[in-house]
Protein chains: 2
Amino acid sequence: MNIGEIATRSGLPAKTIRYYEEIGLIKPLRDTNGYRAFRQQDLHKLTFLGRARALGFSIEDCRNLLALYEDQNRSSADVKSIARDHLAKIEQKIADLVDMQSTLTHLISACAGDNRPDCPILNSLDVQSL
Amino acid sequence: MNIGEIATRSGLPAKTIRYYEEIGLIKPLRDTNGYRAFRQQDLHKLTFLGRARALGFSIEDCRNLLALYEDQNRSSADVKSIARDHLAKIEQKIADLVDMQSTLTHLISACAGDNRPDCPILNSLDVQSL
DNA sequence: GTAGGGGTTCCACCAACGGGAAGGTCAAGA
DNA sequence: TCTTGACCTTCCCGTTGGTGGAACCCCTAC
């Protein structure tokens with residue numbers, strides 16, 4: 001498989017696949033003409049990576065998950081631990097965003113949004129509002 | 001005011017303040033020795049920026065908000081529009097994260113987390129699971 | 001032979017800073 | 001007066017996870 005084909009099959013852009021090779025996540029073979037030659041296992045890995053990234057796992061998380069994925073003697077506890085750490089980060093982000101959402105929603109509803117210069121949103125950002 | 005003092009007062013790191021000058025958000029004066037000389041209005045702007053950033057507004061949003069903040073003839077509709085766009089982005093991010101949270105929570109609860117190699121989390125990332 | 005649609009490398013860029021080096025400045029104390 | 005230490009300056013590199021583009025090679029079809 002050339003990079004174009006595996007890009008289509010895995011759903012990842014060719015640029016991303018080259019980048020994943022560069023950082024050592026995959027190690028495709030090379031044809032005599034210098035083209036990357038992907039095997040079925042590379043497609044598996046890339047699909048795996050695409051899904052893990054879609055779940056928000058960092059590249060380093062993915063590296064660890066991939067190592068576990070390939071380790072027949074892994075324990076599921078190791079995987080669960082990474083997933084739990086990641087879940088905690090996600091929940092923290094959600095909490096932060098919900099805070100912002102709440103504040104913004106209040107400010108927006110308080111703002112007339114007309115042609116007048118008075119604006120509760122700017123007022124609240126101004127030092128004077130303290 | 002030197003940068004150390006305004007950093008303390010605004011709550012922003014000195015590095016961040018220098019960066020904000022570099023990208024043109026603030027324009028402090030200079031003393032003869034080359035030190036930045038901040039005025040009260042710079043403190044106002046930096047405080048404003050700190051709060052807007054804490055609400056997740058991008059630097060470009062901040063630039064626009066700051067221009068409106070300084071424009072006595074602004075209309076509150078312009079501010080409200082920026083805030084609404086930003087709120088929409090936040091809500092999209094929350095939705096994405098909640099999706100991830102939901103999937104991860106299911107996977108984690110399905111995973112025994114013991115010493116055995118079988119792991120529903122990895123299985124779900126594997127291409128085989130389709 | 002040439003046109004096109006692959007592929008390759010390398011370099012630069014994005015957000016929003018943070019770390020650290022190398023050096024100038026200032027105020028206080030011995 | 002000298003020195004110490006805290007402060008300031010600029011400059012450059014690193015971060016995360018790629019994306020865009022330039023310049024160039026390769027392969028197939030017409």
Side-chain angles (χ1 to χ4, degrees), chain A residues 1-39 42 45-46 48-66 85-86 89-90 92-93 96-97 100, chain B residues 1-39 42 45-46 48-66 82 85-86 89-90 93 96-97 100:
Chain A
M1 261 181 290
N2 281 348
I3 201 167
E5 188 179 348
I6 205 171
T8 305
R9 289 214 208 174
S10 67
L12 296 173
K15 279 276 192 184
T16 299
I17 296 172
R18 289 195 194 96
Y19 173 68
Y20 287 172
E21 182 190 11
E22 189 190 329
I23 63 174
L25 287 180
I26 52 167
K27 301 195 196 312
L29 304 175
R30 294 286 176 146
D31 279 342
T32 48
N33 59 10
Y35 285 20
R36 288 169 182 81
F38 296 90
R39 292 153 292 176
D42 297 315
K45 281 201 202 180
L46 287 172
F48 181 99
L49 286 168
R51 297 200 189 151
R53 294 285 301 130
L55 281 174
F57 284 102
S58 72
I59 292 287
E60 281 319 296
D61 280 343
C62 287
R63 199 186 295 281
N64 294 326
L65 288 171
L66 214 46
D85 285 354
H86 180 45
K89 286 181 202 154
I90 286 177
Q92 182 58 55
K93 275 190 199 167
D96 291 346
L97 287 170
M100 292 181 195
Chain B
M1 259 180 291
N2 281 349
I3 201 168
E5 188 179 349
I6 205 170
T8 304
R9 290 214 207 172
S10 67
L12 295 174
K15 277 274 189 185
T16 299
I17 296 171
R18 290 195 193 97
Y19 174 67
Y20 287 173
E21 182 191 10
E22 190 189 328
I23 63 174
L25 287 180
I26 52 167
K27 302 194 196 313
L29 304 176
R30 293 288 177 145
D31 281 340
T32 49
N33 59 12
Y35 286 19
R36 289 170 182 81
F38 295 90
R39 291 154 293 175
D42 296 316
K45 280 203 201 179
L46 287 172
F48 181 99
L49 286 168
R51 296 198 191 151
R53 295 285 302 129
L55 282 173
F57 283 102
S58 72
I59 292 288
E60 282 319 296
D61 281 343
C62 288
R63 199 187 295 280
N64 294 325
L65 289 172
L66 213 47
I82 295 175
D85 285 354
H86 179 45
K89 285 181 202 153
I90 286 177
K93 272 191 202 167
D96 291 346
L97 286 171
M100 291 181 195

If you compare all heavy atoms of [X] against all heavy atoms of [Y], which two are closest, and at what distance to 0.1 Å?
{"X": "B/Cys62", "Y": "B/Arg53", "value": "SG-CD, 3.8 Å"}
{"X": "A/Leu12", "Y": "A/Leu46", "value": "CD1-O, 3.6 Å"}
{"X": "A/Asp31", "Y": "A/Ala37", "value": "OD1-CB, 3.6 Å"}
{"X": "A/Phe38", "Y": "A/Ile3", "value": "CE1-CA, 3.6 Å"}
{"X": "A/Ala14", "Y": "A/Ala7", "value": "N-CB, 4.0 Å"}

Q. Hey, where on DNA chain C does chain A first and last touch, going 5' to 3'? Cut-off is any atom under 4.0 Å from a heavy atom.
A. C/dG6 to C/dC10
(Q) Set out, in order, the CA-CA distance, both residues' side-chain angles and the distance that settles side chain to side chain contact (heavy atoms under 4.5 Å, CB included) for A/Leu66 and A/Phe48, then state yes or no. (A) CA-CA 8 Å; A/Leu66 214 46; A/Phe48 181 99; 3.4 Å; yes
Q | Degree of bending, the helix from C/dG1-D/dC30 to C/dA30-D/dT1 (end axes from five pairs; round to 10°) | A | 40°
For the pair [X] (side chain) and [Y] (backbone), establish whether a donor and an acceptor sit closer than 3.5 Å, ignoring hydrogens and angles.
{"X": "B/Asp42", "Y": "B/Arg39", "result": "yes"}
{"X": "A/His86", "Y": "A/Leu55", "result": "yes"}
{"X": "B/Asn33", "Y": "B/Tyr35", "result": "yes"}
{"X": "B/Arg36", "Y": "B/Glu21", "result": "no"}

Q) A/Tyr20 near the nucleic acid: base, sugar-phosphate alone, or nothing, with a heavy-atom cut-off under 4.0 Å? A) sugar-phosphate
Q: Indicate, with a heavy-atom threshold strictly under 4.0 Å, whether A/Ile3 touches base, sugar-phosphate, or nothing.
A: sugar-phosphate
Q. Where each residue is assigned the nucleotide of DNA chain C containing its nearest heavy atom, which of B/Ser58 and B/Thr32 is assigned the position nearer the 5′ end?
A. B/Ser58
Q | Residue mapping more 5' on DNA chain C - nearest nucleotide basis, B/Tyr35 or A/Glu5 | A | A/Glu5
To the nearest angstrom, how far is [X] atom [atom1] from [N] atom [atom2]?
{"X": "A/Glu21", "N": "D/dG17", "atom1": "CD", "atom2": "C1'", "value": "17 Å"}
{"X": "A/Asp31", "N": "D/dC25", "atom1": "CG", "atom2": "P", "value": "19 Å"}
{"X": "A/Arg63", "N": "D/dG18", "atom1": "CZ", "atom2": "P", "value": "12 Å"}
{"X": "B/Arg30", "N": "D/dT9", "atom1": "CZ", "atom2": "P", "value": "6 Å"}
{"X": "A/Ile26", "N": "D/dG17", "atom1": "CD1", "atom2": "P", "value": "16 Å"}
{"X": "B/Glu22", "N": "D/dC11", "atom1": "CD", "atom2": "P", "value": "10 Å"}
{"X": "B/Ile6", "N": "D/dC7", "atom1": "CD1", "atom2": "P", "value": "16 Å"}

Phosphate contact ([N] OP1 or OP2) by [X] side-chain N/O below 4.0 Å:
{"X": "A/Thr16", "N": "D/dT19", "result": "yes"}
{"X": "B/Arg18", "N": "D/dC12", "result": "no"}
{"X": "A/Asn33", "N": "D/dC25", "result": "no"}

Q.
Side chain of A/Lys15, heavy atoms from C-beta onward: which of D/dG18, D/dT19, D/dC8 has the nearest atom to it?
A. D/dT19
